[in-house]
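Here the structure is laid out as structure tokens; the discussion comes afterwards.
Here is how names work: the chains are called A, B, and so on, in the same order as the sequence lines, proteins then strands, and each is numbered from 1. The analysis underlying the following values was restricted to heavy atoms, covering all of them including side chains, and did not include hydrogens, waters or symmetry mates. All figures in this text were calculated on a predicted structure; none of them were measured in a lab.
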Protein chains: 2
Amino acid sequence: MANDLPITTSEWEVMRIVWTLEKATSSEIINLLVKKRTWKASTVKTLIGRLVQKGMLTATKEGHTNTYQCAIAERTAMQEEATRLFKNMCAMKNGEVLAELIQEIQLSKSDIQKLQDALTAKEQTAPDQVACNCIPKEETTE
Amino acid sequence: MANDLPITTSEWEVMRIVWTLEKATSSEIINLLVKKRTWKASTVKTLIGRLVQKGMLTATKEGHTNTYQCAIAERTAMQEEATRLFKNMCAMKNGEVLAELIQEIQLSKSDIQKLQDALTAKEQTAPDQVACNCIPKEETTE
DNA sequence: GTCCTCCGTTTACAAATGTAATCTACAATT
DNA sequence: AATTGTAGATTACATTTGTAAACGGAGGAC
């Protein structure tokens, strides 16, 4: 079960296709991606191969042809990426970034409801200030 | 004005230091990072050099020594990263991911207030459903 | 003034990534 | 059966990234 996933941007595009199709053959993936990106079929094959190596895709041989499936759920992968990103940015500014992000992405009414609930719950225990975590331990001029 | 910033994770760590210090000499950056990470001084120097090339840091020579400053605001860079990430993930699932993200990161009371306001505003025009944007144009088996 | 140190620059080199051609073996066609 | 189209595997190669040593000059220590 791929846990750390150092998955690259190109590979991510392949994953999105397979996540959506649930299972797919290489030609399905290739057809879709050759259109979307200007990749050659070969390129997509390479990416598929690397994803299999990385344990992100499983290949099940059916006759001569492989059927590819994702070894990790899309939601999980997305969550990990999002969390990793925010953990690597200044904690103090996360809130503002999130606020602007909310304005920039599409959200459904029910998404908004969920978010509001989550916020309300969090409000109880929220601190007045979040400390910046940008500088390692010791102080500047130490 | 660095606009696209293909900035790597290691480089990001250097940026965080300089963003926080506002201006810094190489030795300040090196001292902090050699502790935090197990990098050699040389490694940090390389990263600084690359960031200058990429236009993310400016180097102002004061005598023999450089003073480094960031060429792009931290908030801007953070916002770009966050937006880019979410734009590259399944639009339909962004809401859920965000909801869980909110639970995982630290937020101050005022952050929460801002988020709630942003959500309330957005609620007006929110659709009932957000469409998945994972598969390129043409349909699966076309 | 000489030597050492520190800083910036240059060079190094392996691994990962982006991008792809080629080769090989089965499958479908004729 | 011979041919041809494909799918998967192997190989290729430039660029980027991670990680660092080496070099060369300016300033400070003595």
Taking 4.0 Å as the cut-off, does a side-chain nitrogen or oxygen of B/Thr9 come that near to OP1 or OP2 on D/dT17? no

When you measure from the side chain of A/Asp117 to the backbone of A/Lys114, do you find a donor-acceptor pair of N or O atoms at a distance under 3.5 Å? no

Do NZ/NE/NH1/NH2 and the carboxylate oxygens of A/Arg16 and A/Glu13 come within less than 4.0 Å? no

Give the intermediate values and the outcome of side chain to side chain contact (heavy atoms under 4.5 Å, CB included) for residues A/Gln106 and B/Asn94. CA-CA 8 Å; A/Gln106 295 178 278; B/Asn94 276 345; over 6 Å; no

Where is the tightest heavy-atom contact between A/Trp19 and A/Ala73, given as atom of each residue plus distance? NE1-C, 3.7 Å

Report, one pair per line, the protein and nucleotides 1-7 of chain C atoms (nitrogen or oxygen only) whose separation is under 3.5 Å.
residue	atom	partner	partner atom	Å
C/dC7	OP1	B/Ser27	OG	3.2

Taking only side-chain N and O atoms of A/Lys40, does any of them lie within less than 4.0 angstrom of OP1 or OP2 on C/dT19? no

Please report the distance, rounded to the nearest Å, between CH2 in B/Trp39 and P in D/dT17. 14 Å

B/Pro6 to B/Lys54 - nearest heavy-atom pair and separation: O-NZ, 2.9 Å

In whole Å, I'd like the distance from the CD1 atom of A/Ile7 to the C1' atom of C/dT17. 13 Å

Separation of D/dT6 C1' from A/Glu28 CD (nearest whole Å): 15 Å

Could one point to a donor on the side chain of A/Arg50 or the base of C/dT19 with an acceptor on the other under 3.5 Å away? yes

Side-chain N or O of B/Lys61 less than 4.0 angstrom from OP1 or OP2 on D/dA26? no

Answer with yes or no whether A/Arg37 presents, from its side chain, a donor or acceptor under 3.5 Å of a partner atom in the base of C/dG18. no

From the candidates D/dG18, D/dT19, C/dA20, the one with an atom nearest any side-chain atom of B/Thr43 is D/dT19

Take atom CD of B/Glu13 and atom P of D/dT19, then tell me their distance rounded to the nearest Å. 10 Å

Main-chain N/O of A/Ile7 paired with A/Arg50 side-chain donor or acceptor, under 3.5 Å: no

Under 4.0 Å: is that the gap between some side-chain N or O of B/Thr8 and OP1 or OP2 of D/dG18? yes

For the residue pair A/Thr83 and B/Leu101, what are the closest heavy atoms and their distance? CA-CD1, 3.9 Å

Upstream residue (5' side of DNA chain C) when A/Glu11 and A/Gly63 are each assigned their closest nucleotide: A/Glu11

I need the CG-C1' distance between A/Leu57 and D/dG8, as an integer number of Å. 14 Å

In whole angstrom, what separates B/Ile48's CD1 from D/dG18's P? 15 Å

Can you tell me the distance, in whole Å, between the CD atom of A/Gln53 and the P atom of C/dA15? 15 Å

Quick one: A/Glu62 CD to D/dG8 P, roughly how many Å, whole number? 11 Å

